[in-house]
Amino acid sequence: METKILLQEIYSTLLKEFKPQKWWPTKSKSKERRFEICIGAILTQNTSWKNVEKALENLRKAKMLNEQGIRNAEEKELALLIKSSGYYNQKAKKLKAFVEFLQSYPLEKLEKITQEKSRDLLLGVHGIGKETADSILLYALNKPIFVIDAYTKRIFSRIMPEKTRNLKEYDEWQEFFSSNLDKDAQLFNEYHALIVNLGKNFCKKKPLCGECPLNKKCKKQQLYNLLTALNLSS
DNA sequence: CGCCAGGGCCTCA
DNA sequence: TGAGGCCATGGC
């Protein structure tokens, strides 16, 4: 129960500091928009969003940022358009597999079945792992599911090592958050976006603890201060 | 120049 | 089921 308070405080602090990130708000998304979110979720795998934006823009200009466009495209041609997002040959295959999947399970259909079932279906698609599936569920389908990524693990391992030390698998991390937060899609949506912002700009591999908005709440920072005071290195 | 980014698949014990 | 290799561009 201490954990719940802390997770809430971290959220409030980040929201106040960074303001709402407005990634993909939960309300009123067109069919086209939701499709784009899915494509973005796949293209951003282990890749900076900056590089993904260029790829999305190329697809848009080619009138191919839609289901039919990707379905009809040559895989080679597709790969070229998304080149900037890296792993472009692999990702071209993944996009193909995804639009193939949509023929059997369009987003409108996925939306209607249970979260667990749609997740399993998504996980069956080549190129969609747990994080990508959950990003699609949360950002395209507004399902209240918490997305775990590399930033999440790094940040919370540092902030509360004693609470997270035993977490290993993806699903264990996810359970940690969903059992300690209200299952609210808007909250999960904003929280994850804030985590990414923090991970990108402060809680990097080499963290900028001095300027971090969470340094007062962070165990690692407290430890670092202690070590510094003793004139040891981190 | 090296490191890293909003992972996931495949292989091999 | 866990570790390790592979995929690849662009920013810093």
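Computed over heavy atoms, backbone and side chain alike; hydrogens, waters and symmetry mates excluded. Proteins come first, then strands; the chains are lettered A, B, ... in the order of their sequence lines, and each starts at number 1.
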Distance in angstrom units between [X] [atom1] and [N] [atom2], rounded:
{"X": "Tyr170(A)", "N": "dC9(B)", "atom1": "OH", "atom2": "C1'", "value": "17 Å"}
{"X": "Glu131(A)", "N": "dC9(B)", "atom1": "CD", "atom2": "P", "value": "12 Å"}
{"X": "Ile42(A)", "N": "dG7(B)", "atom1": "CD1", "atom2": "P", "value": "14 Å"}
{"X": "Lys206(A)", "N": "dG2(B)", "atom1": "NZ", "atom2": "P", "value": "16 Å"}
{"X": "Lys50(A)", "N": "dC4(B)", "atom1": "NZ", "atom2": "C1'", "value": "16 Å"}
{"X": "Asp171(A)", "N": "dG8(B)", "atom1": "CG", "atom2": "P", "value": "12 Å"}

Would Leu208(A) end up clustered with Leu194(A) when hydrophobic side chains under 4.5 Å apart are linked, directly or stepwise?
->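 No, no single cluster joins them.
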Would Lys91(A) count as a cation-pi partner of Tyr87(A), with NZ or CZ less than 6.0 Å from the six-membered ring centre and within 45° of the ring normal?
->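 Lys91(A) over Tyr87(A) ring: no.
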Looking only at atom P, what distance separates dC10(B) and dA8(C), rounded to whole Å?
->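 The answer is 14 Å between these two P atoms.
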Pairwise P distance for dG5(C) and dC3(B), with rounding to whole Å =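 The answer is 15 Å between these two P atoms.
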What is the base-pairing partner of dC12(C), counting Watson-Crick and G-U wobble geometry with both distances under 3.5 Å?
->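 Check on dC12(C): paired to dG2(B), both distances under 3.5 Å.
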Considering every strand shown, what is the Watson-Crick or G-U wobble mate of dC12(B) when both distances are under 3.5 Å?
->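 With both distances under 3.5 Å, dC12(B) matches dG2(C).
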State whether Arg154(A) places a side-chain N or O below 4.0 Å from either non-bridging phosphate oxygen (OP1 or OP2) of dC4(B).
->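 Checking dC4(B) against Arg154(A), no side-chain N or O comes under 4.0 Å of OP1 or OP2.
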Is the shortest side-chain N/O distance from Lys54(A) to OP1 or OP2 of dG11(C) below 4.0 Å?
->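 The answer is yes; a side-chain N or O of Lys54(A) sits under 4.0 Å from OP1 or OP2.
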Using a 4.0 Å heavy-atom cut-off, does [X] contact any base of the nucleic acid, only the sugar-phosphate backbone, or nothing at all?
{"X": "Ile195(A)", "value": "nothing"}
{"X": "Lys91(A)", "value": "nothing"}
{"X": "Ser84(A)", "value": "sugar-phosphate"}
{"X": "Ala193(A)", "value": "nothing"}
{"X": "Lys205(A)", "value": "sugar-phosphate"}

Using the six-membered ring wherever Trp is involved, compare the ring planes of Trp23(A) and Tyr139(A) and label them parallel, tilted or perpendicular (cut-offs 30° and 60°).
->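 Trp23(A) vs Tyr139(A) ring planes: tilted.
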Report the residue (Thr132(A) or Asn51(A)) whose heavy-atom-nearest nucleotide on DNA chain B is the more 5′ of the two.
->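 Going by which nucleotide is closer to the 5' end, it is Asn51(A).
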Measure the spacing between CD1 of Ile145(A) and OG of Ser178(A) and express it to the nearest 0.5 Å.
->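 OG of Ser178(A) is found 8.0 Å from CD1 of Ile145(A).
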Is there any protein nitrogen or oxygen under 3.5 Å from a nitrogen or oxygen in nucleotides 2-7 of chain C, and what are the pairs?
| from | atom 1 | to | atom 2 | distance (Å) |
| --- | --- | --- | --- | --- |
| dG2(C) | OP2 | Glu169(A) | OE2 | 3.3 |

What's the verdict on ring-ring contact (aromatic ring centres under 6.0 Å, His included) for Phe146(A) and Phe176(A), showing C-alpha distance, side-chain angles and the deciding distance?
-> CA-CA 10 Å; Phe146(A) 201 91; Phe176(A) 173 72; 9.2 Å; no
Considering the options Lys143(A), Lys117(A), Arg34(A), which one meets the salt bridge (Lys or Arg N to Asp or Glu O under 4.0 Å) requirement together with Glu111(A)?
->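 It is Arg34(A); the other options fail the test.
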Looking only at side chains, do Asn142(A) and Lys29(A) share a donor and an acceptor under 3.5 Å apart?
->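 A donor-acceptor contact under 3.5 Å links the two side chains.
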